[in-house]
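Step one of this worksheet: look at the structure below.
In what follows, chains carry the letters A, B, and so on, assigned in the order in which the sequence lines appear, proteins first and then strands, with residues in each chain numbered from 1. On a predicted model such as this, the values are computed, not experimentally measured, just so you know.
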Protein chains: 2
Amino acid sequence: MNTLVKRSDVAKLAGVSEATVSRVLNNVGPIREETKNKVLQAAKALNYQPNSIAQCFARGKSGNIGVIVPSFPKVHMLSTYYFSEILSGIGRRLGESNYSLLLVFQPPDQPKNYVQLFQSQKIDGCIILGAKNHESDKEALIHLHHLDLPFIVVNQTYLDYPFHTIDAEHYEGSYKAVSYLINKGFRNIAFVNGSNDFSNSSERFAAYKDALKKAGIEPMENWIFQGNYSRSSGIKIAKEIAPLIPQLDAIFAANDRMAIGLMQGLSELGYKVGKDFALIGYDDSDIASMVNPPLTSVKVPLFDMGKIAAEKIIQMLNHEITEQIHIRLPVTLKERASCCKQIT
Amino acid sequence: MNTLVKRSDVAKLAGVSEATVSRVLNNVGPIREETKNKVLQAAKALNYQPNSIAQCFARGKSGNIGVIVPSFPKVHMLSTYYFSEILSGIGRRLGESNYSLLLVFQPPDQPKNYVQLFQSQKIDGCIILGAKNHESDKEALIHLHHLDLPFIVVNQTYLDYPFHTIDAEHYEGSYKAVSYLINKGFRNIAFVNGSNDFSNSSERFAAYKDALKKAGIEPMENWIFQGNYSRSSGIKIAKEIAPLIPQLDAIFAANDRMAIGLMQGLSELGYKVGKDFALIGYDDSDIASMVNPPLTSVKVPLFDMGKIAAEKIIQMLNHEITEQIHIRLPVTLKERASCCKQIT
DNA sequence: AAGCATAATGAACGCGTGTACATTATTTTT
DNA sequence: AAAAATAATGTACACGCGTTCATTATGCTT
């Protein structure tokens with residue numbers, strides 16, 4: 001890789017001007033077939049590869065889509081089914097495009113400044129994962145929005161702001177989950193939610209209450225718990241929930257990791273899923289089918305959400321989008337053995 | 001984001017030349033304190049952000065480190081503890097540097113050409129994950145190596161080639177695992193390996209045989225199975241292995257996913273881990289502690305491997321590395337309940 | 001065959017930065 | 001105080017490409 005082949009080399013070999021080389025390679029303007037062949041042949045002979053940076057510089061675009069991954073203390077965000085699936089989806093779509101995927105790990109405890117990424121021209125657009133309802137997060141997004149920068153938020157809905165978002169029907173999903181339990185004959189259903197920083201959580205909570213009420217069941221204040229979407233929080237809550245088990249039929253957890261934490265925690269205390277209580281998780285992550293009994297869960301099309309997010313960002317960069325994007329994908333209930341408790 | 005602030009704007013406001021602005025911001029050459037302050041103030045006032053692309057262009061470097069993620073049909077590679085942990089480690093280290101992380105998903109079935117990424121100046125160096133022993137993979141790496149391009153291979157060792165590699169002590173890890181089983185009194189130990197495309201697999205296999213022989217046990221040809229590191233392959237192999245269970249004490253699986261597949265498959269056939277046979281996995285992924293019984297596993301410092309890979313690539317780009325890198329990190333055995341079978 | 005429209009190509013420049021070299025201001029040396 | 005050394009700043013250009021504008025070749029009309 002001593003001296004890279006550049007456009008001028010190709011031009012010289014082909015016996016044409018640099019402009020012609022550029023035109024041939026970019027397919028612009030009318031070109032005589034013969035010239036075209038000469039150029040292509042020369043480019044091939046020299047194994048010419050346009051300098052991406054120079055192209056970007058000349059075009060005034062980076063050709064990169066930034067994907068912002070949040071960071072939480074002690075957790076490797078990517079090692080979470082949720083994020084990795086979305087990221088895979090994004091990668092799949094971008095792989096089919098000419099854009100590159102710039103992975104940006106949001107440093108913890110630092111004020112978020114996505115605008116800088118645009119100002120420095122590092123990215124042309126960005127996809128934001130794991131945004132919270134915090135003021136600081138919202139401000140960062142508002143800042144982007146005010147500058148009319150192309151970005152899209154995945155799996156987080158902001159009611160008060162017209163951001164472009166891709167989300168899933170978490171209200172419906174949770175409603176389905178709880179209704180499913182009710183239809184199975186369970187009536188005493190606890191709810192273990194994740195952090196309220198995410199709109200997902202609020203939606204799930206609302207649906208939980210509504211589904212119960214619809215069935216004529218009054219939600220019980222002390223049957224509602226709050227974890228942080230981690231397995232350990234599920235284990236912790238298991239201890240609080242255990243004394244209530246005699247009265248409880250079922251538990252609805254806001255994600256699979258917490259559900260598994262509950263399973264494990266309660267199991268240690270002598271309560272078995274599918275026997276002493278039913279359990280339903282959320283996300284339908286890979287682990288749902290690995291535990292015993294397998295976990296009934298609400299399947300969220302995370303991969304597709306990533307794909308669509310990438311798709312939409314590309315469209316935005318092509319100015320093919322005029323209206324606000326607010327896509328919500330449907331979710332489905334994946335039945336497994338964790339809800340098989342016999343009603344007594 | 002109408003018109004971006006550029007160096008000339010800062011120079012004008014500060015009343016100095018552009019070169020001086022550049023010098024102040026890059027900390028080169030002697031600068032009068034007063035001038036420095038003027039420039040910094042002007043830059044701040046205008047909220048100046050250097051154009052990253054222009055910088056890269058001028059410097060002749062992209063400032064990107066490419067991370068190559070392989071793709072296999074039907075699997076989202078990232079959603080695998082293995083890859084996501086390594087990637088997180090890489091991200092952590094790069095986040096502390098000035099390099100950006102360009103995530104490159106290797107399209108399936110396409111001839112690999114990493115050189116192109118360098119020729120187009122998209123990346124300055126790269127970290128390759130999931131490389132195989134296939135000719136095509138090796139050729140791609142040899143090509144890189146011949147051109148003296150900075151790259152490092154993670155978790156794959158090539159004996160015949162002087163590539164830079166970061167790996168873990170998989171021979172020792174497997175030896176430990178098998179010896180552990182033997183020390184616990186198990187003597188009839190089956191081995192379920194993953195694809196032979198990976199050096200990891202060969203190492204594990206060799207250690208399995210050696211550990212047995214060391215204990216005076218002759219490895220049995222028909223107690224050796226081959227999966228592909230997926231859970232479904234574990235489930236499939238469970239059917240083959242079931243008839244042997246009466247004679248078998250224990251199974252050593254080359255990764256956790258297959259181990260869990262075995263657990264599930266054998267469980268369906270009536271054989272319980274920790275009762276009818278002992279089971280030990282590999283990777284110590286998050287799922288190991290989620291299953292029941294929890295899976296004893298060999299813990300591989302994937303996150304650290306990623307961190308070190310990034311560290312080394314940065315050093316290579318700084319020309320701080322002269323000798324071949326061939327790091328192998330130690331692994332440890334993580335004991336859990338899956339090896340508690342009572343010897344009869 | 002002259003005139004004109006259009007196709008095909010070349011020449012020249014800008015993109016925003018880093019930096020080598022030239023120039024001027026300041027300090028040190030004698 | 002003059003000369004020399006050094007600090008501080010400015011000028012000019014390169015980096016490799018896309019692209020506008022100018023120019024030349026070709027084909028078509030009358």
Could you tell me how far apart A:Lys122 (NZ) and C:dT17 (C1') are, to the nearest whole angstrom?
14 Å
To the nearest Å, give me how far apart CG (B:Asn51) and P (D:dC17) are.
18 Å
Out of D:dG10, D:dG16, C:dT17, which has the shortest distance to the side chain of B:Ala54?
C:dT17
Is any side-chain nitrogen or oxygen of A:Ser22 closer than 4.0 Å to OP1 or OP2 of D:dC17?
no
Between C:dG18 (P) and B:Glu18 (CD): distance, integer Å
10 Å
Below 4.0 Å: OP1/OP2 of D:dG16 and any side-chain N or O of A:Arg7:
no
Compare side-chain N and O positions of A:Gln55 against OP1 and OP2 of D:dG18 and report whether any pair is under 4.0 Å apart.
yes
Hey, can you tell me if A:His76 and B:Phe303 have their rings parallel, tilted or perpendicular (30° and 60° cut-offs)?
parallel
When you measure from the side-chain N and O atoms of A:Thr20 to the phosphate of C:dG10, is any distance below 4.0 Å, counting only OP1 and OP2?
yes
Determine, for B:Glu33 against B:Lys36, whether the closest basic-nitrogen to carboxylate-oxygen distance falls under 4.0 angstrom.
no
Just by distance, with hydrogens left out, do A:Tyr158 and A:Asn133 show a side-chain donor and acceptor under 3.5 Å apart?
no
Per nearest nucleotide of DNA chain C, the residue lying toward the 5' end, A:Ser17 or B:Ser8, is A:Ser17
For the pair made of CG in A:Asn27 and P in C:dA8, what is the distance, rounded to whole Å?
13 Å
Establish, with yes or no, whether the OP1 or OP2 oxygen of D:dG16 is under 4.0 angstrom from a side-chain nitrogen or oxygen of A:Tyr48.
no
Both A:Glu33 and A:Ala19 contact DNA chain C. Which one's nearest nucleotide lies toward the 5' end?
A:Glu33
Any side-chain donor paired with an acceptor under 3.5 Å for A:Gln116 and A:Asn113?
yes
Euclidean distance, atom NZ of residue B:Lys6 to atom P of C:dC15 [Å, nearest integer]
6 Å
Taking only the side-chain heavy atoms of A:Ala58 (C-beta and beyond), determine which of C:dA8, D:dA8, D:dG18 contains the nearest atom.
D:dG18
Expressed as a whole number of angstroms, how long is the span from B:Leu25:CG to C:dT19:P?
13 Å
Could you pick out which residue, B:Gln121 or B:Gly15, lies toward the 5' side of DNA chain D when each is mapped onto its nearest nucleotide?
B:Gly15
Roughly how many Å is it from CG in B:Asn26 to P in C:dA20, rounded to a whole number?
12 Å
So, does A:Ser17 use its side chain to make a donor-acceptor pair with the main chain of A:Thr20 at under 3.5 Å?
yes
Could you give the CG-to-P distance, from A:Asn98 to D:dC17, as a whole number of Å?
16 Å
5'-most by nearest nucleotide on DNA chain D - B:Phe57 or A:Arg32
B:Phe57
Sugar-phosphate only, base, or nothing, as touched by B:Val16 at under 4.0 Å among non-hydrogen atoms
sugar-phosphate
